[in-house]
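Single-structure report; data block below.
By convention in this document, chain letters (A, B, ...) are assigned in the order of the sequence lines, proteins followed by strands, and residues within each chain are numbered from 1. Hydrogens, waters and symmetry mates play no part in the numbers below; they use all other heavy atoms, side chains included. If you're wondering where the values come from, they're calculated on a predicted model, not measured in any experiment.
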Protein chains: 2
Amino acid sequence: MDIDKIIATLYVLPEPSKAALIATAKQVTYPKGYILLKADRIEKNIYFIKKGVVRAYSDAPGGQVTFWFGVEGAPVLSMKSYITGEKSYENIELLEDCEFFELNIASLKALYEKDIHLANWGRKLAEHELVKTEERLIAMQFKTAQERYMDLIGSQPALLLRVQLGYIASYLGMSQVSLSRIRAGLK
Amino acid sequence: MDIDKIIATLYVLPEPSKAALIATAKQVTYPKGYILLKADRIEKNIYFIKKGVVRAYSDAPGGQVTFWFGVEGAPVLSMKSYITGEKSYENIELLEDCEFFELNIASLKALYEKDIHLANWGRKLAEHELVKTEERLIAMQFKTAQERYMDLIGSQPALLLRVQLGYIASYLGMSQVSLSRIRAGLK
DNA sequence: TGTGTTTTTTAACATTTGTAAAAAGCTAAA
DNA sequence: TTTAGCTTTTTACAAATGTTAAAAAACACA
């Protein structure tokens with residue numbers, strides 16, 4: 001997936017603004033297993049996935065909790081670090097070899113202050129994530145584990161083939177045993 | 001709470017931008033029980049709470065699900081309607097007599113396109129909500145019902161005195177019976 | 001104060017989900 | 001092919017939470 005397309009998904013930019021944004025981006029590659037963002041760090045960069053799958057997780061008392069997957073085209077960033085400048089609570093682990101577009105947060109914020117089109121692009125970036133996060137929160141509150149699994153099959157069937165079930169279960173807010181039970185029940 | 005303070009909480013605006021924003025706002029008052037926003041409608045306005053408490057809920061198969069409370073200073077809007085222009089899935093009910101600042105979404109978006117400071121203010125509005133929503137999502141995924149209740153006591157103790165427990169229980173993703181059990185257990 | 005309404009708590013039971021451990025399945029390297 | 005390691009499913013049991021209904025408490029107001 002190329003950067004023009006990723007950028008335009010959020011908000012169509014005039015040519016000079018787009019050029020300014022792309023000028024700050026550089027392409028990077030990391031292998032499967034690499035930890036791209038680390039918790040307790042203040043991140044300096046955000047990424048967009050050109051190729052690959054990643055997961056976001058936090059370390060909790062009972063073990064790791066996976067709360068987000070990113071596939072081609074997705075923005076990869078610690079929202080907390082990006083937005084508040086505070087330490088991140090999430091780790092981003094590469095589940096496949098990945099290629100990213102890397103953007104420096106400070107440069108990006110400087111652009112937001114200078115270029116109104118980019119400020120609106122940055123607004124759309126946050127708004128886009130907000131709608132998705134809110135939908136998931138509501139699903140967690142009033143759907144059963146089985147419904148959440150069915151929803152995922154409907155909306156991201158490919159993800160199930162690329163990510164191991166333990167991570168999917170955590171993402172859906174259930175134990176791996178529960179997910180296995182649901183899968184067995186559907187046969 | 002006055003509108004200057006509410007606006008500045010998100011992003012400090014230069015005087016002319018602030019004046020332009022305030023010029024589009026009008027003050028409105030509605031009684032307890034009034035439904036400010038309705039599901040399945042495309043909303044034309046967003047609000048900020050000058051005084052009062054509101055809740056956002058959706059109608060689900062098993063009954064209403066309360067997924068948000070707003071108190072003084074909070075933005076009140078259907079994120080879906082505001083962001084995507086699609087029909088809202090939420091209702092906003094006033095739990096007390098309320099006063100709001102009302103802003104027209106179309107006017108607001110026009111300002112975003114013309115004024116870079118307001119575009120950045122709009123970005124902060126979305127980013128602010130995003131961080132809060134993400135924190136709640138993660139809590140839903142890996143905290144127990146009791147921990148979620150304790151967190152709420154810690155972060156919004158006043159809310160418990162203004163909102164009936166059935167709504168709080170729904171907001172925390174548990175039945176009212178569970179919430180009663182937790183409260184009994186803490187004594 | 002007394003009465004009717006709403007809210008909260010309690011009780012009993014059913015269901016869901018979790019935990020831990022074992023079994024089965026799969027993959028890749030020797 | 002065999003082995004070792006990792007993932008997924010299954011089993012048995014425990015804990016948490018839900019549902020329904022009823023009792024108790026709190027509240028509103030004539």
Original post:
Between Glu134(B) and Thr133(A), does any side-chain donor sit less than 3.5 Å from a side-chain acceptor?
Top reply: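 Glu134(B) vs Thr133(A): no donor-acceptor pair found between side chains.
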Subject >> NZ/NE/NH1/NH2 to OD/OE distance under 4.0 Å, Glu96(B) and Lys32(B) >> reply: no
Within this structure, what is the [atom1]-to-[atom2] distance between [X] and [N], rounded to whole angstrom?
{"X": "Leu172(A)", "N": "dT17(C)", "atom1": "CG", "atom2": "P", "answer": "12 Å"}
{"X": "Glu147(A)", "N": "dT16(C)", "atom1": "CD", "atom2": "P", "answer": "12 Å"}
{"X": "Met174(B)", "N": "dT15(C)", "atom1": "CE", "atom2": "P", "answer": "23 Å"}
{"X": "Gln176(B)", "N": "dT7(C)", "atom1": "CD", "atom2": "C1'", "answer": "7 Å"}
{"X": "Leu179(A)", "N": "dT17(C)", "atom1": "CG", "atom2": "C1'", "answer": "13 Å"}
{"X": "Gln146(B)", "N": "dA15(D)", "atom1": "CD", "atom2": "P", "answer": "16 Å"}
{"X": "Leu95(B)", "N": "dT6(C)", "atom1": "CG", "atom2": "P", "answer": "16 Å"}
{"X": "Arg148(B)", "N": "dA16(D)", "atom1": "CZ", "atom2": "P", "answer": "14 Å"}

Picking from [options], which would you name as closest to the side chain of [X]?
{"X": "Arg181(A)", "options": "dT19(D), dT19(C), dG18(D)", "result": "dT19(C)"}
{"X": "Ser178(A)", "options": "dG18(D), dG18(C), dT10(D)", "result": "dG18(C)"}
{"X": "Val177(A)", "options": "dT17(D), dT9(C), dT19(C)", "result": "dT19(C)"}
{"X": "Leu165(A)", "options": "dT10(D), dG18(D), dT8(D)", "result": "dT8(D)"}
{"X": "Gln164(B)", "options": "dT8(C), dT9(D), dG18(D)", "result": "dT8(C)"}
{"X": "Ala184(A)", "options": "dT17(D), dT10(C), dT10(D)", "result": "dT10(D)"}

Original post:
Is there a side-chain contact (heavy atoms from CB on, under 4.5 Å) between Val71(B) and Ile49(B) once you walk through the steps?
Top reply: CA-CA 7 Å; Val71(B) 297; Ile49(B) 304 175; 5.7 Å; no
Original post:
Can we call the ring centroids of Phe69(A) and Tyr171(A) under 6.0 Å apart?
Top reply: yes
Subject >> N or O in side chain of Arg183(B) less than 4.0 angstrom from dT9(C) OP1/OP2 >> reply: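 The answer is yes; a side-chain N or O of Arg183(B) sits under 4.0 Å from OP1 or OP2.
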Original post:
Parallel under 30°, tilted from 30 to 60°, perpendicular over 60°: which one fits the rings of Tyr112(A) and Trp121(A)?
Top reply: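 Taking Trp121(A) first and then Tyr112(A), their aromatic rings sit tilted (interplane angle of 30° to 60°).
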